[in-house]
Amino acid sequence: MEIGNYSAVTEFFLVGLSQYPELQLFLLVLCLIMYVIILLGNSLLIIISILDSRLHTPMYFFLGNLSFLDICYTSSSVPPVLIILRSERKSISFIGCALQMVVSLGLGSTECVLLAVMAYDRYVAICNPLRYSIIMNRVLYVHMAAWSWIIGYLNSLVQTVLIMALPFCGNNIIDHLTCEILALLKLICADISINVLIMTVASTVLLMIPLLLIFISYVFILSSILRINSAEGRTKAFSTCSAHLTVVILFYGSALFMYMKPKSKDTKASDEIIGLSYGVVTPMLNPIIYSLRNKEVKEAVKKVLSRYLHFLKP
């Protein structure tokens, strides 16, 4: 295709769900409420994991990373979505779109790796309890968390640069609420076979392989739990893993639907709703799930609140 007659794209128009104005108003209110819950719930988990010395363990270090990641992820997408839903001119600059994509894709990729790291932590804790403190020492778990972020953002940078360097040939109407990578690919008027290949490889490495490792970890975990003699011990071991397993199912379920299903040329409303749940609902549920299923978190919250209330007393 001859691209010389087209002007360079300097901004994009986000028209996702524009044919459903009533739904847009509902989503505006819903996203605002969920965003506030995400900020409060995940901030609380981070604060109590810092203030309570009993939570200074690898498990809560990873959980703190996950909470911080969820805050950053939703902050990179929800406020812009609220602005788009509210404004008449639903536009975003070329640079703003690239930044939004690199941040959101990087954080999503990081979470894929981080959830696998958390599964390994639970595997060591349940299957090798006597050697847990030796294996999961501070140097190892800090490096594991750091490499989760590095791998996630390397993937994001590579894919974003390769996509934004291609010609859009004047196409700047994104049928989505955010600068999502699959929506942008549909606007490119050049050969995208390399991009599709890299995305397929990245989806396999960052989705399927971590999911397989999580599955293998939980096979060994379940086997070890069933060999525990006391019912109380089995219940405690299961409760520490069930929260993580629930989060894995929610996150990977929506991610696999978004990135591994057959692609169509037109974006369906269902795809956008599931994409929204992938970016908002799961981060909102994470602190709730970990709090409800974890006795240590409940006790830490009560302890922090009692200290705060005691401080407020005259």
Side-chain angles (χ1 to χ4, degrees), residues 38 41-73 107 110-152 210-211 213-225 227-228 230 232-252 282-304:
I38 288 167
N42 286 286
S43 297
L44 180 61
L45 270 181
I46 293 172
I47 291 170
I48 63 172
S49 65
I50 293 173
L51 295 180
D52 196 318
S53 59
R54 294 174 300 176
L55 303 184
H56 293 174
T57 63
M59 174 182 171
Y60 293 103
F61 177 77
F62 293 135
L63 183 56
N65 271 262
L66 181 63
S67 295
F68 178 71
L69 185 152
D70 285 339
I71 290 173
C72 294
Y73 186 87
L107 291 169
T110 300
E111 184 161 354
C112 291
V113 183
L114 187 60
L115 288 174
V117 167
M118 293 173 73
Y120 175 74
D121 173 68
R122 291 299 82 209
Y123 160 75
V124 177
I126 301 299
C127 300
N128 296 282
L130 298 179
R131 302 184 61 220
Y132 177 71
S133 59
I134 299 173
I135 297 173
M136 293 301 296
N137 58 76
R138 183 175 179 81
V139 173
L140 178 63
Y141 70 72
V142 169
H143 275 78
M144 291 174 76
W147 276 106
S148 298
W149 289 88
I150 292 170
I151 292 170
L211 188 58
L213 294 175
I214 291 170
F215 175 77
I216 294 172
S217 296
Y218 274 97
V219 168
F220 285 103
I221 288 171
L222 182 60
S223 176
S224 296
I225 290 175
R227 289 200 300 267
I228 297 176
S230 67
E232 182 181 353
R234 285 195 299 270
T235 302
K236 183 178 180 180
F238 181 76
S239 66
T240 61
C241 298
S242 58
H244 176 257
L245 193 57
T246 304
V247 170
V248 166
I249 293 171
L250 286 172
F251 177 81
Y252 277 98
T282 304
M284 181 189 70
L285 292 178
N286 282 354
I288 299 173
I289 293 169
Y290 279 105
S291 299
L292 291 176
R293 299 293 300 176
N294 198 305
K295 185 179 178 181
E296 291 176 331
V297 173
K298 292 180 184 178
E299 292 177 352
V301 170
K302 291 178 182 178
K303 185 178 178 181
V304 171

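A salt bridge (charged side-chain N to carboxylate O under 4.0 Å, His left out) check over residues 53-63, counting only residues at least two apart or in different chains, returns the pairs Asp52-Arg54, Arg54-Glu299.
Remark: Arg138 pairs with no residue by the salt bridge (Lys or Arg N to Asp or Glu O under 4.0 Å) rule, at least two apart or across chains. The side chain to side chain donor-acceptor pair (under 3.5 Å) check on Arg131 picks up nothing, with sequence neighbours excluded. Every residue was checked against the ring pair (Phe, Tyr, Trp, His ring centres under 6.0 Å) condition with Tyr132, not counting sequence neighbours, and none meets it. Under the ring pair (Phe, Tyr, Trp, His ring centres under 6.0 Å) criterion, Phe61 pairs with Tyr141, sequence neighbours left out.
Shown here for Cys112 and Pro210, the closest heavy-atom pair between the two residues is O-CB, 3.7 Å. What you find for Ala119 and Ile221 is that their closest heavy atoms are O-CD1, 4.2 Å. Taking every heavy atom of both residues into account, Asn65 and Ala145 meet most closely at OD1-CB, 4.1 Å.
The distance from atom CD1 of Ile214 to atom CZ of Arg122, rounded to the nearest 0.5 Å, is 13.5 Å. Atom CD1 of residue Ile126 and atom OG of residue Ser223 lie 12.0 Å apart, to the nearest 0.5 angstrom. Interatomic distance, CZ of Phe220 versus CZ of Phe215, reported as 11.0 Å (0.5 Å rounding). Between atom CD1 of residue Ile216 and atom OH of residue Tyr123 there is a gap of 10.5 Å, rounded to the nearest 0.5 Å. Note: Leu66 CG to Ile71 CD1 = 10.0 Å, rounded to the nearest 0.5 Å. Taken from CG in Asp121 to CG in Leu140, the straight-line distance is 9.5 Å, to the nearest 0.5 Å.
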Solution key, residues 41-49 side-chain donor-acceptor pairs under 3.5 Å, sequence neighbours excluded:
from: Asn42; atom 1: OD1; to: Ser67; atom 2: OG; distance (Å): 3.4
from: Asn42; atom 1: ND2; to: Ile38; atom 2: O; distance (Å): 3.0
from: Asn42; atom 1: ND2; to: Pro283; atom 2: O; distance (Å): 3.2
from: Ser43; atom 1: OG; to: Leu39; atom 2: O; distance (Å): 2.5
from: Ser49; atom 1: OG; to: Leu45; atom 2: O; distance (Å): 3.1
from: Ser49; atom 1: OG; to: Ile46; atom 2: O; distance (Å): 2.8

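Contact check for Val248 versus Tyr218: no side-chain heavy atoms found under the 4.5 Å cut-off. Residues Leu107 and Trp149 form a side-chain contact, since some pair of their non-hydrogen atoms from C-beta on lies under 4.5 Å apart. For the pair Met144/Val113, no side-chain contact is recorded, criterion being any heavy-atom separation below 4.5 Å from C-beta on. At a threshold of 4.5 Å between non-hydrogen side-chain atoms, the residues Ile135 and Tyr120 count as touching.
For NE2 of His143, the number of neighbouring non-hydrogen atoms (other residues, nucleotides, ligands) closer than 6.0 Å is 12 at most.
Ser217 places a side-chain N or O within 3.5 Å of a backbone atom of Leu213 that can act as its donor or acceptor partner.
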